[in-house]
**Student:** 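This structure is in structure tokens; I'll ask about it shortly.
Every heavy atom of this structure was used, including side-chain atoms; hydrogens, water molecules and symmetry mates were not. Whatever order the structure lists ligands and atoms in, that order sets their numbers, starting from 1. Quantities reported herein were computed from a predicted structural model and do not represent experimental measurements.
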Amino acid sequence: MSKINIAIDGPSASGKSTIAKQLCKKLDYKHLDTGAMYRCVALKVVKTGIDYNDEAALKELLKGIKIDFSSDGKVFLDGEDVSSAIRTDEISMMASNVSTKLTVRKHLVKMQQKIAKNKGYIMDGRDIGTVVLPDAEVKIFMTASAETRAKRRYLENQERGIKSNLRALTQEIIERDYQDSHRKHSPLKKAEDAIEIDTSEMTIVQVVDEIMQIVEEKL
Ligand code: DC
């Protein structure tokens, strides 16, 4: 059966990656977590100590950047496994900051489009259905209330042994949502032809089933 591309967009911590991974297993598709790519740029900005508002320094930093994913979902920045290092609160906020920069967006969007050329990808992010893959055969826009998303992230952190504060997490999610949906370039917004799913009251299995139905109809 010929493969298609699936775009999943939505605000931070809406469960996009979790759902995308499960769908990939069912469909034997590949997952591309585009947020992880912005997180890698953010980590490199922090490590090198450049000012993310310095366009020339950003361009230089992007020139040599190498971002890779292993088949089991690990993220590598310039050959180093950064899967955990890119998930801190500091890097989450810096990822949102660097993602406002057109230089960064152009560079990463090009990489993402090249990867998805051969189809069979489930890509999650903020601008996949609108900018990266406007021709994606299935577009999903996943939402959930900020409180629900913060609670989910809190429990996820607990499972990973990461200490966090629910109130601070809620605040960070609200701040990132605002910046991600109000920035000048490719702000987070639902593509006109995307199907919106509010997952606040849904289990992971229910969301996966609903999207599988949509995909099967398309296939
Ligand atoms: O999905 P995430 O929380 O890992 O993404 C981190 C940040 O990267 C997010 O706050 C906004 C940015 N981002 C983006 O601008 N476009 C994407 N396609 C993915 C993420």
Side-chain angles (χ1 to χ4, degrees), residues 5-21 31-46 52 58 61-62 65 67 69 73-77 82-116 121-134 136 139-144 146 148-154 156-157 160 162 164 168-191 194 199:
N5 278 330
I6 301 169
I8 305 184
D9 289 301
S12 51
S14 53
K16 303 180 296 289
S17 281
T18 309
I19 300 295
K21 277 189 195 123
H31 174 217
L32 188 72
D33 171 2
T34 62
M37 299 170 86
Y38 288 90
R39 287 172 182 273
C40 280
V41 175
L43 183 62
K44 195 156 177 167
V45 163
V46 170
Y52 75 90
L58 257 187
L61 179 144
L62 288 166
I65 202 164
I67 302 170
F69 296 89
K74 287 202 178 96
V75 187
F76 293 84
L77 168 63
V82 293
S83 314
S84 304
I86 58 167
R87 300 289 163 197
T88 65
D89 293 347
E90 182 196 11
I91 299 302
S92 298
M93 210 54 226
M94 183 55 88
S96 178
N97 292 341
V98 299
S99 76
T100 63
K101 302 295 175 191
L102 191 56
T103 318
V104 175
R105 303 208 70 82
K106 274 191 177 165
H107 191 91
L108 296 185
V109 167
K110 220 193 240 171
M111 282 168 77
Q112 292 154 9
Q113 288 174 332
K114 206 169 147 196
I115 293 171
Y121 272 88
I122 302 182
M123 210 178 265
D124 76 77
R126 305 292 187 289
D127 59 343
I128 311 303
T130 52
V131 177
V132 182
L133 303 176
K139 296 183 187 178
I140 306 291
F141 194 78
M142 263 174 60
T143 59
T148 305
R149 287 182 282 133
K151 242 180 246 163
R152 286 181 188 160
R153 185 49 56 86
Y154 179 76
E156 212 176 272
N157 283 349
R160 289 183 179 156
I162 302 170
S164 52
L169 271 180
T170 314
Q171 194 52 38
E172 185 222 291
I173 280 174
I174 291 169
E175 259 177 58
R176 266 205 303 146
D177 281 355
Y178 186 85
Q179 177 157 276
D180 294 345
S181 46
H182 287 82
R183 68 184 177 221
K184 186 168 161 208
H185 308 293
S186 321
L188 165 70
K189 70 166 190 259
K190 178 180 164 294
T199 69

**Student:** Is the shortest side-chain N to carboxylate O distance from K190 to D127 below 4.0 Å?
**Tutor:** no
**Student:** Who's the nearest protein heavy-atom neighbour of atom 3 (O) of ligand 1, and how far?
**Tutor:** R176 NH1, 2.9 Å
**Student:** Hey, does R183 sit under 4.0 Å from ligand 1 if you only count heavy atoms?
**Tutor:** yes
**Student:** Can you find a side-chain donor-acceptor pair between R153 and S92 that sits under 3.5 Å?
**Tutor:** no
**Student:** Distance alone, cut at 3.5 Å: any donor-acceptor contact between the side chains of S96 and Q179?
**Tutor:** yes
**Student:** Is it true that Q179 lies under 4.0 Å from ligand 1, counting heavy atoms only?
**Tutor:** no
**Student:** May I ask you to test the S186-T130 pair for a side-chain heavy-atom distance under 4.5 Å?
**Tutor:** no
**Student:** Going by heavy-atom distance to atom 12 (C) of ligand 1, choose the closest among S99, S181, A7.
**Tutor:** S99
**Student:** Quick one: look up the protein heavy atom nearest atom 19 (C) of ligand 1 and list residue, atom name and how far away it is.
**Tutor:** T34 OG1, 3.4 Å
**Student:** Test side chain to side chain contact (heavy atoms under 4.5 Å, CB included) on L108 and V132; report intermediate values, then the result.
**Tutor:** CA-CA 9 Å; L108 296 185; V132 182; over 6 Å; no
**Student:** Which of the numbered atoms in ligand 1 are below 4.0 angstrom from a heavy atom of D127?
**Tutor:** 16 (N), 17 (C), 18 (N)
**Student:** Should you measure from each heavy atom of S96, which atoms of ligand 1 turn up under 4.0 Å away?
**Tutor:** 10 (O)
**Student:** Assess whether a salt bridge exists between D9 and R126, defined as any Lys/Arg side-chain N lying under 4.0 Å from an Asp/Glu carboxylate O.
**Tutor:** no
**Student:** For atom 8 (O) of ligand 1, which protein heavy atom lies nearest, and how many Å away is it?
**Tutor:** Y38 CB, 3.5 Å
**Student:** Relative to the heavy atoms of A95, which atoms of ligand 1 are at a distance of less than 4.0 Å?
**Tutor:** 6 (C), 7 (C)
**Student:** Suppose I only count heavy atoms of R39 and a 4.0 Å limit; which atoms of ligand 1 are within that range?
**Tutor:** 2 (P), 3 (O), 4 (O), 6 (C)
**Student:** Could you tell me whether some N/O pair between D180 and ligand 1 is separated by less than 3.5 angstrom?
**Tutor:** yes
**Student:** Is E172 salt-bridged to R176, going by a charged N under 4.0 Å from an acidic O?
**Tutor:** yes
**Student:** Is the backbone of L188 close enough, under 3.5 Å, to the side chain of S181 for a donor and an acceptor to pair up by distance?
**Tutor:** no
**Student:** Give the residue, atom name and distance (to 0.1 Å) of the protein heavy atom nearest atom 1 (O) of ligand 1.
**Tutor:** R126 NH1, 2.8 Å
**Student:** Can any side-chain N or O of R149 pair as donor or acceptor with the backbone N or O of I173 at less than 3.5 Å?
**Tutor:** no
**Student:** Classify the contact between R105 and ligand 1 as side chain, backbone, both or neither, using a heavy-atom distance cut-off of under 4.0 Å.
**Tutor:** side chain
